[in-house]
Amino acid sequence: MTVLDSVLQILVSGITLGGMYAVSAIGLALLWGVMGMLNMAHGSLIAIGAYASVFAVGYLGGTWYLGLPAAMIVGCLAGVLLYFATARWMVGSGQFEMNIIIATVGVAIVVKSLLIIGFTGYPQRQPFALEGGIYLGNVLVPYQTMLIVCVAIILMMALSWLLKATRMGRAIRATAQSQKAAALMGIPAERIYLQVMVIAGVLAAISGVLISSTANTSPSLGEVTMLKVFIICVVAGLGNIPGTILISFALAVLEAAIQYALSAKWAFPLLLGIAVMILIWRPYGLFGAARIRKV
Amino acid sequence: MSARQNIALALGLLVVLAAIPLLTSSRYVLGQFILFFIWFGVVTQWNLVFGVAGIFSLAQMMIFAVGGYASAMLAFHLQWAMWLTVIVGGCAAVVTSTVIGFATLRLRGAYVALLTLAIAAAMQALIIADTDCLSFETGTCITLTGGASGLSRFGDFGFRELLGYRSAVLGEYYLGLLLITVGSAFAFLIINSPLGHAFRALRDNSACAAARGIDRIKYQVMVFSLAGFFSGLLGGFYAGHFNAIGPSILDFSTLLFLLTSMIVGGVGRFWGPLAGCAAMMLFDELLMGLEEWRAVGLGVFTVVAVILFPQGIVGFLESGELRRIGSQLTGLSAQIHHFVKKAPGQ
Amino acid sequence: MRDDVLKLDGLSAGYGKVLVLRDISFRVSEGSVVGIIGPNGHGKTTLLNTICGFVSASSGTIELDGGHLTGLAPHQVAARGVVHIPQGDLIFPDLSIYENLLMGAYLEPDGAVQARRLASVFAMFPKLEERQAQMASTLSGGERRMLGIGRGLMRESRIMLIDEPSLGLAPIVVEQIYDTLKELKSQGRTIVLVEENPSRVVDFADEIFLIDNGEIVWSGQASEMEENENILETYLGG
Ligand SMILES: Nc1ncnc2c1ncn2[C@@H]1O[C@H](COP(=O)(O)OP(=O)(O)O)[C@@H](O)[C@H]1O
Ligand SMILES: [Mg+2]
């Protein structure tokens, strides 16, 4: 293997990881940016998406690619349920920031237990996957990698279009910037919150399908990813979506490099160390501002 | 309640708790009480950091684990006496706590929560991944932290030799009671000291917080360190009591259980940790027979409790809401009484 | 007699336990301009925020065209046709000027109507048209105020509540803003204008209410105000 091959290898796995992280992180960033909500049930949404695909294809016998629309539908429902189970009752109250953490944590416990009850704790294979790949020099680029990157890019473009060019998207961004001004325009905050929850649910569910396709589907799938996604959001600056996407890929390539050069064991602690350093240097993340929330 | 009433209530409770072993000798019941002491003790310290100083730290179980692991490792590898290693564990926890305190000093709210959570997860991941053998004893690989299966059989507090096998649990019961008494006294002092008032003022008024930034930093780290000490001691006590420790102590679910106890009890309030831990452990005990549905019940309980009592149980009791409901009930019962009295005449 | 658009009756409101407004009653008739003046911190903004639903009334009623506004959420009040141009503009800093204006027409999803209104706002404020692609955060104070007013004109309104439009602006810019307001008045719009400084309101409003310490202490025609110099002296320190 030449140096070039190594670099290529790192880039291929880094971009695959980055695509999955970005899809997941955007939902989290959006929730924070619009409603100041730290969603500790994000990992549950990820796991729910993965299992929706497993269920639709493995249990109901659909074709492999139907896993994705199945995950999207279930993710959408999960977002709605999460809103009515938690945020609906506390948004706007003084202790929202803290209590929403606890409430979503409660939901996370429930979801994980239900998944274990329904699907057992044993890992299952994610059917949304392609075999084989092509060689770029000495480096194998699996078709699965291309699939993941394509899905991630399409999703990011779709979200960008939704936020920039639609009435709903503008209202979401407006609410994130000033809820009071948005209300003056006649925008009902609750409707926006529900929409954002649905978007976050769908994105997280899709990321769950992608992530489990490179590993396995298990009830704790979301927890590990959630932590990495948290780090990404914090380093980027909570709520900043373009920054979040950039940092997703940057940290993923870094993670791939650490895994390649040292071992998988050190990847997470080292990433964390880097994140702490960045935060000590810039307490609101690389792209975050002290007050202004950006979407 | 005045400070005097609080102290009287606390002393009364202490007497009741001290008398429990006279009422039952069930090892299970006493064991559950010891576990309650441990969780209540940790939540009390966490409440100081989270509720009083207003730092959204989720690292308290990690600090607890540092204390526990430090004492277990010293007892296991160097055969130190458990009494000594617990103290060292407390000190190790102070160091960890102080470092985390400084690292998160300039961060706000959610950033602190996410970062401390990630630090705890990293510690667990590192322990589980620890497979480098220090030595082979009787053919088994001995690692520094015990890896995924943890460390065990490294010794205890010696109550077994002192009091005999049957009464050993009593020694640990009273040791636990002593620890929570000292820890709660410390918490009481902090909450009712000028420091506690300053923290509340700072938390409620960020403009004031900015104006007194220097003070905040000093006190924040101080509370972080001292709360870390008691948490570390409790970690060591945990290791000694169970004569074992493993990475599952850092499980998300344990953290959540305690976090929920704190919130459900009432954040930042002296009686919050007691009310919360008691409620959560009782509820957990009730769900014992449900097996896998137990966690579901606990999760649902958490969500419902936060929605119904956003200020926690203690906050709810203090808010006068109860008095309002009470007076409504009295009014209702008066009406019913009235109605019942009138009814036969009609 | 022209119909009353807005009717306040015995309105009291405040924050928590502190009552800021006490027993406020007045009517605004169709096509008239009402000026509300009073010293800083005496409840003018709170009054507008109570009408808009941001502050809940502790007693009294607010009616718009005979229907109750009391107890409605701010977005519902907006949907009834109340346009509030708040103190400090509250524009969306990270939306472009064009997008800010579109947000003003959130309740008006019809594209053709939007385009027509946008054209008339641009005709009124050519500067906004030049810079429509810029982020609103890049605007100067006067331009922000124009954007705030323009955004308020993007939808049909029964009444416009305008809070301190001259606050913090250079005299020449204030002049421009008031020219715009006069144009709005000549279009026959119903306006409630809040100002701390009475001098411009006196020229502009049909009727004036003086608020002091959360109560209406004087009301009358603008012309009467000029005759009662002593009122100004007592309440506004001359
Ligand atoms: N959000 C708020 N919370 C508590 N008190 C407020 C708030 N906004 C305004 N006040 C108080 O209400 C009073 C009236 O304020 P305001 O209506 O802004 O006055 P004005 O617009 O006449 O200058 C002031 O004493 C102010 O301190
Ligand atoms: Mg004002």
Side-chain angles (χ1 to χ4, degrees), chain A residues 32 36-38 40 43 85-86 88-90 93-114 116-117 220 223-224 226-228 230-231 233-234 237-238 263-273 275-277 279-285 288 290, chain B residues 50-51 54 56 58 99-100 102-115 117-123 125-126 128-131 204 251-253 255-257 259-260 262-264 267 291-312 315:
Chain A
W32 175 265
M37 166 175 174
L38 189 58
M40 301 289 278
T86 58
R88 161 76 178 74
W89 310 103
M90 41 186 80
S93 75
Q95 302 86 22
F96 178 72
E97 197 179 354
M98 188 192 301
N99 285 355
I100 194 69
I101 294 179
I102 309 301
T104 48
V105 154
V107 170
I109 300 176
V110 172
V111 170
K112 186 177 174 186
S113 322
L114 289 180
I116 292 176
I117 293 170
S220 54
E223 285 171 20
V224 186
M226 183 168 82
L227 284 172
K228 286 185 189 159
F230 277 167
I231 294 180
C233 286
V234 164
L238 278 167
S263 76
K265 173 178 156 185
W266 290 104
F268 187 60
L270 266 178
L271 279 185
L272 189 68
V276 173
M277 291 304 163
L279 284 178
I280 289 172
W281 170 46
R282 290 186 63 115
Y284 293 96
Chain B
F50 196 104
F56 270 29
L58 301 182
V99 169
I100 295 178
F102 272 112
T104 55
L105 206 55
R106 290 175 62 207
L107 304 180
R108 285 288 161 275
Y111 286 83
V112 178
L114 293 182
L115 207 66
L117 185 65
I119 292 176
M123 174 170 168
L126 280 180
I128 291 176
D130 177 23
T131 48
D204 299 341
D251 275 354
F252 204 43
S253 54
L255 181 79
L256 303 182
F257 185 82
L259 183 61
T260 307
M262 177 165 65
I263 308 285
V264 165
V267 167
E291 291 167 27
E292 69 260 71
W293 288 94
R294 177 176 174 186
V296 177
L298 212 57
V300 171
F301 178 76
T302 304
V303 177
V304 172
V306 173
I307 290 173
L308 288 186
F309 309 120
Q311 310 266 10

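Chain letters run A, B, ... following the sequence lines, proteins first, then strands; residues in each count from 1.
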Top contributor to chain A contacts, counting heavy-atom pairs under 4.5 Å, from B:Ile119, B:Val296, B:Thr302: B:Val296

- request: Would you mind telling me which of B:Gly297, B:Ser253, B:Ala129 has the largest number of heavy-atom pairs within less than 4.5 Å of chain A?
  value: B:Ala129

statement: Exactly one candidate in B:Ile307, B:Leu256, B:Ile263 meets side-chain contact (heavy atoms from CB on, under 4.5 Å) with A:Ile102; the answer is B:Ile263

query: Which of these passes side-chain contact (heavy atoms from CB on, under 4.5 Å) with B:Leu114: A:Leu38, A:Leu279, A:Ile231?
result: A:Leu38

query: Counting distance only, does the side-chain N/O of B:Tyr111 pair as donor-acceptor with the main-chain N or O of A:Leu238 below 3.5 Å?
result: yes

Greater than 12 external heavy atoms within 6.0 Å of B:Phe102's CZ: no

task: Check the pair B:Phe56 / A:Glu97 against side-chain contact (heavy atoms from CB on, under 4.5 Å), numbers first and verdict last.
output: CA-CA 10 Å; B:Phe56 270 29; A:Glu97 197 179 354; 4.1 Å; yes

B:Ala305, part contacting chain A, at a heavy-atom distance under 4.5 Å: neither

field: Side chain, backbone, both or neither of B:Leu298 within contact of chain A (heavy atoms, under 4.5 Å)
entry: neither

Tell me the closest heavy-atom pair linking [X] and [Y], and the distance in Å.
X        : Y        : result
B:Ala122 : A:Pro269 : CB-CA, 4.4 Å
B:Ala295 : A:Ile109 : O-CG2, 3.4 Å
B:Ala118 : A:Phe268 : O-CE2, 3.9 Å

Which bit of [X] is near chain B, if near means a heavy-atom gap under 4.5 Å: side chain, backbone, both or neither?
X        : value
A:Phe230 : both
A:Met98  : both
A:Ile101 : side chain
A:Ile280 : both

query: Does some side-chain heavy atom of A:Val110 sit less than 4.5 Å from a side-chain heavy atom of B:Val303?
result: no

- prompt: By side-chain hydrogen bond (donor to acceptor under 3.5 Å, both in side chains), which residues pair with A:Arg88, not counting sequence neighbours?
  reply: none

statement: Across all chains, not counting sequence neighbours, the side-chain hydrogen bond (donor to acceptor under 3.5 Å, both in side chains) partners of B:Gln311 are A:Gln95, B:Arg269

